[in-house]
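Each remark here refers to the structure printed beneath this line.
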Number of protein chains: 2
Amino acid sequence: MNLDSRTELLNEFVETCRQAELSITPQRLAVYKALLRSDNHPSPDMIYKSVLPEFPTISFATVYKILETFDQNGIISKVTALHNKLRYDPIKEHHHHIICVKCKKIIDIKSDDLDKLPIPSEVKEDNELIDFTVHFNVICSECRKKD
Amino acid sequence: MNLDSRTELLNEFVETCRQAELSITPQRLAVYKALLRSDNHPSPDMIYKSVLPEFPTISFATVYKILETFDQNGIISKVTALHNKLRYDPIKEHHHHIICVKCKKIIDIKSDDLDKLPIPSEVKEDNELIDFTVHFNVICSECRKKD
DNA sequence: TTACCTGCAAAAGGTTTGCAGGCTA
DNA sequence: TAGCCTGCAAACCTTTTGCAGGTAA
């Protein structure tokens with residue numbers, strides 16, 4: 001990432017925090033900078049280690065809380081909502097998933113159109129493609145009712 | 001699932017086990033039947049609870065081992081390879097992911113074609129769509145070299 | 001000044017591992 | 001019979017929670 005776009009993103013971050021009424025603490029800034037620095041979809045412990053040199057007193061719990069806050073406010077996002085539990089699929093036919101980000105319910109969808117989606121050349125360039133699925137992240141009707 | 005297709009799948013299961021030189025133990029059969037019974041992409045503990053009435057002595061570790069074995073032999077599959085660690089994405093532009101199922105490396109892909117994929121009507125029917133991403137599950141070149 | 005935020009520590013939750021004994025093929 | 005499979009228990013790893021003190025606005 002070049003300097004201009006980093007500065008731009010940092011300004012945007014400050015603006016987003018103001019709008020969301022989030023304090024811009026040194027810890028939050030450090031975590032956000034670590035995220036900008038990263039290029040590999042970091043896990044909380046990677047962020048923690050990356051922040052540690054410039055912030056030796058930060059705690060693991062704080063990193064978790066900050067990341068969750070950022071996610072809640074649309075500043076960053078989880079790569080998958082299904083990170084906290086192993087889920088198995090017995091169906092072998094090619095299909096796709098609707099996933100409720102709140103209750104983690106998973107619904108299958110079959111769609112010929114989706115099955116035929118264009119596979120970008122970079123996918124097969126260096127990798128052995130096993131399969132692909134489209135994940136539709138939603139809030140399901142039950143969870144909407146609860147809010 | 002109707003009886004015919006259940007019987008068919010069970011026969012297929014037996015055949016797959018033979019080909020993979022897997023013993024067909026009562027425990028494995030019970031777990032497989034529980035998977036067929038399920039319609040909600042069960043987690044290991046859901047499978048465990050589902051098997052328990054007909055198999056009160058089965059252990060949690062066995063369920064995990066059986067599910068892993070089934071996955072390794074293509075009998076079932078994980079809904080996401082990223083279940084064992086939270087991963088964050090700082091990029092807000094719409095994009096998609098190449099995921100190595102071995103080392104869990106994640107690579108971004110941008111593609112206008114993928115962004116425009118047809119969203120099945122059932123997705124928006126009852127749910128509030130937040131976003132969607134295509135997950136390309138691969139074995140990356142580094143991991144292939146290791147094997 | 002006040003509500004929000006951090007840091008510590010402990011707990012919780014999910015998954016993996018090692019090993020001894022038992023069962024399938 | 002031999003090697004694979006199970007069940008138990010403990011360990012491990014990640015994530016969450018409660019609370020007391022500190023800090024941003």
Side-chain angles (χ1 to χ4, degrees), chain A residues 13-32 34 41-52 54-73 75-76 78-88 101-104, chain B residues 13-32 34 41-52 54-73 75-76 78-88 101-104:
Chain A
F13 170 70
V14 170
E15 190 49 40
T16 307
C17 286
R18 290 222 175 100
Q19 279 175 21
E21 299 187 339
L22 295 176
S23 305
I24 300 168
T25 65
Q27 290 89 337
R28 282 182 177 161
L29 210 48
V31 167
Y32 188 69
H41 306 75
S43 56
D45 70 291
M46 286 157 85
I47 295 287
Y48 174 74
K49 287 187 189 115
S50 167
V51 167
L52 215 49
E54 56 172 313
F55 222 114
T57 61
I58 202 166
S59 78
F60 239 113
T62 300
V63 171
Y64 270 96
K65 284 169 191 166
I66 288 175
L67 290 169
E68 182 61 24
T69 303
F70 285 178
D71 182 42
Q72 291 301 314
N73 288 279
I75 296 168
I76 59 176
K78 293 171 182 159
V79 177
T80 168
L82 300 173
H83 65 280
N84 48 3
K85 204 175 271 185
L86 191 42
R87 300 284 290 272
Y88 283 102
V101 299
K102 299 257 186 199
C103 68
K104 312 295 165 72
Chain B
F13 169 70
V14 170
E15 191 48 40
T16 308
C17 287
R18 290 221 176 99
Q19 279 174 21
E21 300 188 338
L22 294 176
S23 305
I24 300 168
T25 65
Q27 290 88 335
R28 282 183 178 160
L29 210 48
V31 167
Y32 188 69
H41 305 74
S43 56
D45 70 292
M46 286 156 84
I47 295 288
Y48 174 75
K49 286 186 190 118
S50 168
V51 167
L52 215 48
E54 55 173 315
F55 223 114
T57 62
I58 202 165
S59 78
F60 238 112
T62 300
V63 171
Y64 270 96
K65 285 169 190 166
I66 289 175
L67 291 169
E68 183 60 26
T69 303
F70 285 177
D71 183 41
Q72 291 301 314
N73 288 280
I75 296 168
I76 59 176
K78 292 171 182 159
V79 177
T80 168
L82 299 173
H83 66 281
N84 48 1
K85 204 175 273 185
L86 192 41
R87 300 283 289 272
Y88 282 102
V101 298
K102 299 256 185 199
C103 68
K104 311 296 165 70

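Letters go in sequence order (proteins before strands), and every chain restarts at 1. Keep in mind that what you see is a predicted model, and the values were worked out from it rather than measured.
- The two atoms that bring Val63(B) and Pro44(B) nearest to each other are CG1-O, 3.8 Å, heavy atoms only.
- Nearest nucleotide to the Arg28(B) side chain, out of dT17(D), dC19(C), dC5(D): dC5(D).
- Judged by atom type and distance alone, Lys85(B) does not reach the base of dG14(C) through any side-chain donor-acceptor pair under 3.5 Å.
- Whole-Å rounding puts the Leu29(B) CG to dC23(C) P distance at 17 Å.
- When each of Pro44(B) and Ser23(A) is assigned the nucleotide of DNA chain C bearing its nearest heavy atom, the one mapping closer to the 5' terminus is Ser23(A).
- Aromatic pair Phe55(A)/Tyr48(A): ring centres not closer than 6.0 Å.
- OP1 or OP2 of dC8(C) has not a single side-chain nitrogen or oxygen of Ser59(A) nearer than 4.0 Å.
- Heavy-atom nearest nucleotides on DNA chain D were determined for Thr25(A) and for Gln27(B), and the one closer to the 5' end corresponds to Gln27(B).
- No engagement by Ser43(B) is indicated, since no non-hydrogen atom pair under 4.0 Å with the nucleic acid exists.
- The CZ-P distance, from Phe70(B) to dT6(D), rounds to 9 Å in whole Å.
- Other residues, nucleotides and ligands contribute only 12 or fewer heavy atoms inside 6.0 Å of the CD atom of Glu21(A).
- For Ala61(B), the listed nucleotide lying nearest its side chain is dT17(C); candidates were dT24(C), dC8(C), dT17(C).
- A pairwise comparison of heavy atoms in Ser23(A) and Arg28(A) identifies O-NH1, 2.9 Å as the closest pair.
- Dashed line: the shortest gap from a side-chain N or O of Thr62(A) to OP1 or OP2 of dG7(C) is under 4.0 Å.
- Lys65(B) places its NZ atom 11 Å from the C1' atom of dA9(D), with the value rounded to the nearest Å.
- As rounded to whole Å, 15 Å separates atom P of dT16(C) from atom CD1 of Ile66(B).
- Atom P of nucleotide dT16(D) and atom CG of Asp71(A) are separated by 11 Å, given to the nearest angstrom.
- One can place CG of Asn73(A) at 13 Å from C1' of dC4(C), the figure rounded to the nearest angstrom.
- Residue Tyr64(B) has a polar side-chain atom (N or O) positioned under 4.0 Å from OP1 or OP2 of dT15(C).
- Judged by distance alone, the side chain of Arg87(B) and the main-chain N or O of Lys104(B) form a donor-acceptor pair under 3.5 Å.
- Taking atom CG on Asn84(B) and atom P on dT15(D), their separation rounds to 9 Å, with Å as the unit.
- In this structure, Ile58(A) atom CD1 and dT23(D) atom C1' are separated by 14 Å, rounded to whole Å.
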